[in-house]
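First up is the structure itself, then whatever we jot down about it.
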2 protein chains.
Amino acid sequence: VRTIDWRDGAVVVVDQTALPHAVRLLELRTVDALVDAIRRLVVRGAPALGAAGALGVALACTQAAEEGWDDARFDAEVARVRAARPTAVNLAHGVDRALAAQAGGAGAVEAVALAVLDEDGAANRAIGERGADLLAAAHDGPLRLHTHCNAGALACVEWGTALGVVRSLHARGLVRSVVVDETRPLLQGSRLTAWELDQLGIEHRVVVDGAAASVIARGLVDAVVVGADRIAANGDVANKVGTYPLALAAARAGIPFVVAAPESTVDPHTPSGDAIAIEERPEDEVTGWPGGAPSGWAPPAFNPAFDVTPADLVTAVVTETRVIRPAAGERPA
Amino acid sequence: VRTIDWRDGAVVVVDQTALPHAVRLLELRTVDALVDAIRRLVVRGAPALGAAGALGVALACTQAAEEGWDDARFDAEVARVRAARPTAVNLAHGVDRALAAQAGGAGAVEAVALAVLDEDGAANRAIGERGADLLAAAHDGPLRLHTHCNAGALACVEWGTALGVVRSLHARGLVRSVVVDETRPLLQGSRLTAWELDQLGIEHRVVVDGAAASVIARGLVDAVVVGADRIAANGDVANKVGTYPLALAAARAGIPFVVAAPESTVDPHTPSGDAIAIEERPEDEVTGWPGGAPSGWAPPAFNPAFDVTPADLVTAVVTETRVIRPAAGERPA
């Protein structure tokens with residue numbers, strides 16, 4: 001089953017707020033429903049958001065025809081999809097690709113959106129193989145890997161980026177174990193990544209985010225592999241908050257810090273990390289717990305959803321077409 | 001009210017598992033009850049554990065008299081107090097100080113234990129003033145501070161170490177705000193430190209632990225100040241897991257990383273951080289939430305309670321008698 005797909009004129013997504021307790025599919029038939037799902041992280045992950053952006057335009061075309069929207073309304077609705085979350089460039093990229101087909105009518109838009117989905121699956125498999133080549137060459141024997149958040153099939157249409165690399169290595173018998181950061185506040189690591197690794201039969205252990213850097217310092221992992229929400233032209237990488245300390249620790253420990261992401265994550269219009277808008281999410285995510293009842297204690301909180309890892313700490317960015325080595329001075333764009 | 005005190009032959013502690021929802025005092029009348037309270041973190045924090053160690057010996061003296069323990073039983077019970085948690089050297093130190101008075105009888109032991117408590121309060125006030133001097137000299141105007149876990153009055157007998165520095169700065173009008181890491185898994189930051197700062201009327205915001213390093217990288221704080229559970233002879237510092245990434249980020253950002261702790265935390269018998277035993281706590285702390293019901297999803301977890309910050313990242317260790325600058329090559333012992 002794909003994490004996000006198109007069926008009978010609706011966007012169908014695996015509801016990631018229900019995992020790991022239930023695998024629930026949601027049908028989103030309106031732009032409103034899609035934007036809400038993106039904001040609530042029902043669908044999340046940069047590559048999946050790229051697909052959501054493209055499918056959102058297809059949805060807007062259908063709704064425009066059914067409800068008689070004028071061009072201004074259509075543009076406004078598409079703009080809402082585009083702006084539903086600010087950090088991942090893939091969302092805007094997906095919207096723009098589908099919009100470019102608009103002259104051909106709703107059918108052309110739908111075809112482009114479906115192509116975005118297919119390409120994502122193919123790109124992830126290519127990323128997985130290239131990342132596995134890189135890590136297999138960098139280390140003798142099976143690896144102890146470390147990842148943050150969820151850059152698995154659930155963050156994409158299928159297969160996964162960082163977890164795609166883990167899967168490709170696993171297929172070669174080269175994964176010893178995976179350390180998974182729980183990834184507060186929304187626990188994408190312990191809820192989603194641990195669930196995916198469990199399904200795949202790959203040995204893993206969850207740690208609190210504060211333990212990630214010292215797990216690396218203690219020599220308990222051989223390489224870090226994470227996804228990305230946006231990669232600036234100079235190689236600075238925005239990813240889920242909590243990624244940057246792993247890069248700091250990996251650089252000090254002398255182990256590879258590898259970013260696995262499709263080319264659509266590279267944004268040539270963003271010169272460096274300073275130019276990346278960091279989404280701030282609601283305070284109650286910090287003072288609460290996914291699915292938990294409010295505790296009655298809610299101190300003031302600050303909830304940036306992403307951080308920026310500077311290029312000099314990024315050993316390699318692996319995409320479906322190339323390996324870029326920002327720490328060695330190579331630029332993605 | 002003191003966090004830990006001695007009243008009518010019993011150890012009286014503020015139950016830190018009940019905070020911030022309730023300020024509840026617990027009377028501990030047996031070594032069993034004290035060891036259980038230490039293990040469950042009803043009483044926690046290196047200086048408070050020093051007091052608990054000393055009072056534990058006083059408790060053992062009383063129980064020995066009442067229940068007719070022989071010397072072997074007494075020694076075994078005291079050894080249980082000493083080993084109730086492995087990482088903070090203060091616990092063993094408190095036990096040893098009280099034991100040294102044993103020849104003088106139960107009254108002498110009790111007097112030494114009470115002296116440990118009084119000294120802790122005085123030491124913390126001295127640490128606070130010295131730390132405030134250091135930071136006031138390092139920065140023009142009110143500071144934006146960053147702390148991890150709880151090194152406040154609740155971690156000590158009273159006043160606090162890292163938060164003691166914050167309080168001394170606050171008394172001089174030199175605190176703009178404090179960033180508090182929530183400190184998973186047990187949330188000593190959001191439950192205890194935020195509560196103490198709220199009581200003191202000091203502006204603060206809680207962040208998830210993964211956000212700590214990037215808050216520093218983004219220039220949102222001027223200095224980091226934390227406590228310590230053990231300081232090795234070379235200046236390596238063991239503290240609550242999640243401290244090390246703050247030190248990495250502070251070094252890169254060029255802001256001070258200050259450790260505030262009493263001299264009893266310095267362990268001349270521990271040559272470096274490699275020799276510090278890192279307590280591993282139960283997996284269900286990682287897969288759950290303090291006070292929360294089990295979610296039914298419990299992936300395998302790894303739960304080290306402390307990490308080690310290498311000396312070269314420690315700008316200063318501030319004790320009640322001196323300032324040591326490990327990053328500049330000074331050794332605490």
Side-chain angles (χ1 to χ4, degrees), chain A residues 19-21 148-149 179-185 190-191 194-195 197-198 203-215 217-218 220 240-246 248-249 251-252 278 283 285-293 295-297 299-304 306-310, chain B residues 19-21 148-149 179-185 190-191 194-195 197-198 203-215 217-218 220 240-246 248-249 251-252 278 283 285-293 295-297 299-304 306-310:
Chain A
L19 281 170
H21 303 291
H148 188 73
C149 195
V179 169
V180 179
D181 297 340
E182 66 170 348
T183 316
R184 278 279 291 156
S190 56
R191 288 193 301 111
W195 181 80
L197 291 171
D198 183 59
E203 189 181 320
H204 59 283
R205 284 196 295 178
V206 175
V207 298
V208 296
D209 303 311
S214 55
V215 162
R218 291 169 70 180
L220 302 178
K240 177 57 57 191
V241 75
T243 301
Y244 170 55
L246 272 75
L248 286 168
R252 186 168 167 118
I278 300 296
E283 295 183 33
E285 290 183 354
V286 175
T287 54
W289 182 252
S295 77
W297 172 249
F302 174 49
N303 187 17
F306 300 93
D307 64 24
V308 173
T309 297
Chain B
L19 282 169
H21 302 292
H148 188 73
C149 195
V179 170
V180 180
D181 298 338
E182 66 170 347
T183 316
R184 279 278 292 154
S190 58
R191 288 193 300 115
W195 182 79
L197 292 170
D198 183 59
E203 190 182 319
H204 60 281
R205 283 196 295 179
V206 175
V207 299
V208 295
D209 304 309
S214 55
V215 161
R218 291 168 70 179
L220 302 178
K240 177 57 57 192
V241 76
T243 301
Y244 171 55
L246 274 74
L248 286 169
R252 184 166 168 120
I278 301 296
E283 294 184 34
E285 290 182 356
V286 175
T287 54
W289 183 250
S295 76
W297 173 248
F302 174 51
N303 187 16
F306 300 92
D307 64 24
V308 173
T309 297

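To find a chain, count down the sequence lines: A is the first, B the second, and so on, and within it residues start at 1.
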(request) With a 4.5 Å cut-off on heavy-atom pairs, point out which of A:Val286, A:Asp209, A:Val215 contacts chain B the most. (result) A:Val286
(request) With a 4.5 Å cut-off on heavy-atom pairs, point out which of A:Glu283, A:Lys240, A:His148, A:Glu182 contacts chain B the most. (result) A:Glu182
Interchain contact, [X] with chain B, by part (heavy-atom threshold 4.5 Å):
X: A:Phe302; result: both
X: A:Leu246; result: neither
X: A:Ser295; result: both
X: A:His21; result: side chain
X: A:Val179; result: neither

Heavy-atom distance under 4.5 Å between the side chains of [X] and [Y], does that happen here?
X: A:Asn303; Y: B:Val207; value: no
X: B:Trp297; Y: A:Leu19; value: no
X: B:Arg218; Y: A:Ile278; value: yes
X: B:Ser214; Y: A:Val241; value: yes
X: B:Arg252; Y: A:Leu248; value: yes

Find the one option among [options] whose heavy-atom pairs under 4.5 Å with chain A are most numerous.
options: B:Pro300, B:Gly242, B:Ser190; value: B:Pro300
options: B:Thr309, B:Val206, B:Asp181, B:Asp307; value: B:Val206
options: B:Pro310, B:Ala213, B:Ala212, B:Pro304; value: B:Ala213

(request) Of all the heavy-atom pairs spanning B:Ala194 and A:Pro299, show the shortest one and how long it is. (result) CB-CB, 3.8 Å
(message) For A:Arg191, give me all partners under salt bridge (charged side-chain N to carboxylate O under 4.0 Å, His left out), at least two apart in sequence or on another chain.
(response) none
(request) Tell me, please, which residues at least two apart from B:Glu285 pass salt bridge (charged side-chain N to carboxylate O under 4.0 Å, His left out). (result) B:Arg281
